[in-house]
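Worksheet: one structure, shown below.
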2 protein chains.
Amino acid sequence: MSASRQRPKLTQIATLLGVSAATVSNALAGKGRVSEEMAERIRAKAAELGYMPSQAGRALRTGRSQVLGLVLPNIANPLFPQIAQAIEHAASDAGYGVLIADSRGDVATQTRAIEQLQDRGVDGIVIVPRRGTRIADIGSPVAVIDSPSTPGNTVSADHWQGGRLVAQHLLDLGHRNLLLIGNNPVSNVQNDRIGGMKSVLTGNAQFSVLWIEDHEARHGKGCILGLKEKAREGVTAFAAVSDLHALRALTELQGAGVRVPDDASVTGFDDLTWSTAITPALTTVHMDMATIAEQAVAALTALIEAAPPVSQKREHVGHLTTQTGKPVATATQKSVPMELILRQTSGPVPSKPTEIPPAGEKQ
Amino acid sequence: MSASRQRPKLTQIATLLGVSAATVSNALAGKGRVSEEMAERIRAKAAELGYMPSQAGRALRTGRSQVLGLVLPNIANPLFPQIAQAIEHAASDAGYGVLIADSRGDVATQTRAIEQLQDRGVDGIVIVPRRGTRIADIGSPVAVIDSPSTPGNTVSADHWQGGRLVAQHLLDLGHRNLLLIGNNPVSNVQNDRIGGMKSVLTGNAQFSVLWIEDHEARHGKGCILGLKEKAREGVTAFAAVSDLHALRALTELQGAGVRVPDDASVTGFDDLTWSTAITPALTTVHMDMATIAEQAVAALTALIEAAPPVSQKREHVGHLTTQTGKPVATATQKSVPMELILRQTSGPVPSKPTEIPPAGEKQ
DNA sequence: CGAACGTGATTAAACGTTTAATCCGATCGA
DNA sequence: TCGATCGGATTAAACGTTTAATCACGTTCG
């Protein structure tokens, strides 16, 4: 069991079998004209030696690195693991590696991150843009994951439909007085979710919207949201646009003596990992990240294959390439349905008016 | 403002200035013998053209890709964002890109992920091993982030000291009856944390340990932990080895009518992003991931520089290279102190025996 | 004054792969 | 039987960079 001493290269296989390197390359790629018998022997030898092509050599020749860049608004975002994992799987399945980059929430850093990825020679970039940002035309193939209301080559979850889902669920449970909790109206995603919810809450259902950043701007960061009072005023369901806010609501209510789901229901969005780890487990709306990532990567690879490698003598220019040679973003708009995950924080509206213990909490 | 048409290459700068490509390369690298005047002109031209060297060409020649691999036990792990972000920063500062790989919790996948990274030509690998796994000698330079009790070239937080920190804090608050909550005793990290706590809890303080996986094996996954009963039996502090478990404990206690921190204290580990978003905010122990990542990357780059590129004719073998030519892992063991973050879930032990509302919760 | 030296630049090879162009026989059709 | 065709393999160039070896030339020293 001698450990692999040197990375075997094409010429080694070639000389060992008495053929040329080109033949070996062709055989392994299944491209040129190689006899089936020869091809078989070559594949066998390659397997025996544990041959793996040098990405560097290949990249240099083909102009393709087989690597995608993933730029995120903020790696520390709790949703990030889901995204990264899904993209990594999808990319890996498509034969690509994933290089990560962090915009650290900063829009300047975001463009810098993109440039750095390009310098590293990525073939394409998946961007989850900082909220409110639009991705201008950069030189590389790009796929954006955001919300369907983002223009450009976008794939995303159908946040609007997700909003409808959860609102309908609460309606079905009998709730008629809801509080929608969001963080910041600038976010396309949050707006879509809220919009979806609103679109269902017509007729005799009433609701109001609490934007946390507004509230904190007035009362200080990390302040109490005052949900207990809301509950006393008759709100029986708290629908947050993110599990994070749902968690905040849940703990604030529980700490104030409001029983969930007996006295009030709480729902979230995103199905973060810990949403089953809390008691009661959180009712939420799940993004099918696997599908989203798959579509994003598929769109990206399509773009990559369509565009000629950057520095290639193009003799007879195809009728599809633009003047600049940039890939024509086909601007596909795909949206993937979300799924309601029923757990324990949502329940039927209480029959009698909720009995909330008197005030007197410190802070 | 003509957009960069083609990626400029060395020879373009060279011909434009009437010198050879080698001189340009030397000037930009600051290596060979180039007159300061010439170097300046070259740098200016390079900047003007926005020249960026082709990683492919460089990698092929030097055998170095300037990319590190990051292998994680499970990308979906909530701690992952912190780790990934820190590693990405550190690597970026050191001039490296970061390629991610997911072991999906599976040990077989872990080795496969490592191999894939190697095939992609990474210069070194940072591994956060699946719990209980030992990283055997793979061909590449490796840095492991786990716990100090892991053998090999490791850097990690000082989980033991972190345990001491939080236990001492609870002692100082007057708690004498604690429940330590862990998930699985196989984890080095969790063991260290528990061990550190235990080491402080001597004398008249009593405690017991609850391993969640054991408990769930008996009562079903996601079951109630029975903390209310513990509280009634006199436990006043619940110290979890992870914020995740702390959150579970907190919500279970709150839902059962136990006031935190008035009736009981709860503490966690890791300072996950949402730990300030809950009410009351979670007292926890923070890992200095930035420093850990920095040290891991530093150790890795040192190893990389020390080891000769894989396929280089080594004529006069240095006296340091081993027979196999593998990098001699110097097996540094660095541990970075943790920091106690005081928030609202920990408070003084209640003066009178805790008044817990009667049982009667529905599951 | 010739040899040694130092400085600044050039030449050429090499990294490992892909691919267009080419070559060599053998087979086939006319 | 000759030319065209085709299958199967080879040759050679190219991708963009780095670097050891070399060169030209002016200076300095013995």
Side-chain angles (χ1 to χ4, degrees), chain A residues 6-42 46 49-66 118-121 123 308-316, chain B residues 6-42 46 49-66 118-121 123 308-316:
Chain A
Q6 294 290 84
R7 281 200 124 215
K9 37 187 194 177
L10 270 189
T11 59
Q12 298 197 346
I13 302 186
T15 54
L16 239 47
L17 263 58
V19 296
S20 75
T23 303
V24 178
S25 174
N26 279 330
L28 294 178
K31 287 203 134 180
R33 294 183 299 208
V34 185
S35 69
E36 184 46 45
E37 176 213 15
M38 187 79 251
E40 188 47 53
R41 287 178 56 205
I42 290 178
L49 297 185
Y51 168 77
M52 269 289 142
S54 144
Q55 285 293 331
R58 169 177 293 175
L60 182 55
R61 172 65 223 235
T62 64
R64 296 267 157 80
S65 61
Q66 296 296 98
Q118 288 177 316
D119 293 343
R120 288 207 178 280
D123 292 339
V310 56
S311 60
Q312 203 87 333
K313 345 169 195 175
R314 45 190 81 109
E315 297 150 16
H316 39 255
Chain B
Q6 293 291 83
R7 281 200 123 213
K9 37 188 195 175
L10 270 189
T11 57
Q12 299 196 346
I13 302 186
T15 54
L16 240 47
L17 264 57
V19 297
S20 75
T23 302
V24 177
S25 173
N26 279 329
L28 295 178
K31 288 204 133 179
R33 296 186 296 210
V34 185
S35 69
E36 184 46 44
E37 176 213 16
M38 186 80 250
E40 188 46 52
R41 286 179 57 206
I42 291 178
L49 298 185
Y51 169 76
M52 268 289 143
S54 145
Q55 285 292 332
R58 169 177 292 174
L60 182 55
R61 173 64 223 237
T62 63
R64 296 266 157 80
S65 61
Q66 296 295 98
Q118 289 176 317
D119 292 343
R120 288 206 177 280
D123 292 339
V310 55
S311 61
Q312 204 86 332
K313 342 168 197 178
R314 46 189 81 108
E315 296 151 17
H316 40 255

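Just so we're on the same page: letters track the sequence lines, and every chain starts at 1. Side chains included, hydrogens not; waters and symmetry mates left out as well; all remaining heavy atoms used.
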Quiz item: What is the distance, rounded to the nearest whole Å, between atom CG of A:L60 and atom C1' of C:dA14?
Solution: 12 Å

Quiz item: Are B:D119 and A:Q55 side-chain neighbours, meaning at least one heavy-atom pair lies under 4.5 Å?
Solution: no

Quiz item: Can you tell me if the side-chain N/O atoms of A:T62 get under 4.0 Å from OP1 or OP2 in C:dT18?
Solution: no

Quiz item: Is B:S20 near enough to C:dT10 that one of its side-chain N or O atoms lies under 4.0 angstrom from OP1 or OP2?
Solution: yes

Quiz item: OP1, OP2 of D:dT18 versus side-chain N and O of B:S25: anything below 4.0 Å?
Solution: yes

Quiz item: Rounded to whole angstrom units, what separation is found between the CG atom of A:L10 and the C1' atom of C:dG16?
Solution: 7 Å

Quiz item: Rounded to the Å, how far apart are B:R7 CZ and D:dT17 C1'?
Solution: 13 Å

Self-check item: Interatomic distance where CD1 belongs to B:I42 and P belongs to D:dT17 [whole Å]
Solution: 13 Å

Practice problem: Give one of base, sugar-phosphate or nothing for B:A56, where a contact means two heavy atoms less than 4.0 Å apart. | Solution: nothing

Exercise. Check the distance between D:dA9's P and A:E36's CD and give it to me in whole angstrom.
Key: 11 Å

Practice problem: Name the closest nucleotide to the A:R33 side chain, picking from D:dT10, C:dT10, D:dG7. | Solution: D:dG7

Quiz prompt | Closest approach of B:L10 to B:S25 (non-hydrogen atoms, all atoms of both residues) | solution = CD1-CB, 3.9 Å

Exercise. Write down the distance between CG (B:L28) and C1' (C:dA9), rounded to a whole number of angstrom.
Key: 15 Å

Quiz item: In whole Å, what is the span from the CD atom of B:Q55 to the P atom of C:dG16?
Solution: 18 Å

Quiz prompt | Shortest non-hydrogen separation from B:A27 to B:A39 and the atoms involved | solution = CB-CA, 4.1 Å

Practice problem: Measure the distance from CG on B:L17 to P on C:dG8 and round it to the nearest whole Å. | Solution: 17 Å

Quiz item: Considering only D:dT18, C:dT19, C:dT17, which nucleotide approaches the side chain of A:N26 most closely?
Solution: C:dT19

Quiz item: For C:dG8, does either OP1 or OP2 sit under 4.0 Å from a side-chain N or O belonging to B:S35?
Solution: no

Practice problem: Please tell me which of the listed nucleotides, C:dA9, D:dA9, D:dT10, lies nearest to the side chain of B:T23? | Solution: C:dA9

Quiz prompt | Side-chain N or O of A:Y51 closer than 4.0 Å to phosphate OP1/OP2 of C:dT17 | solution = yes

Self-check item: Nearest atoms (heavy-atom pairs only) where B:A46 meets B:L28
Solution: CB-CD2, 4.1 Å

Self-check item: Polar side-chain atom of A:D123 near backbone of A:S65 as donor-acceptor pair, under 3.5 Å
Solution: yes

Exercise. Consider the side chain of A:R61, meaning its heavy atoms from C-beta on, and name the nucleotide among D:dG7, D:dT19, C:dT17 that approaches it most closely.
Key: C:dT17

Practice problem: Kindly say if A:K31 contacts the phosphate of C:dT19, meaning a side-chain N or O under 4.0 Å from OP1 or OP2. | Solution: yes

Exercise. Determine: side-chain N/O of A:R58 to OP1/OP2 of C:dT18, distance under 4.0 Å, yes or no.
Key: yes

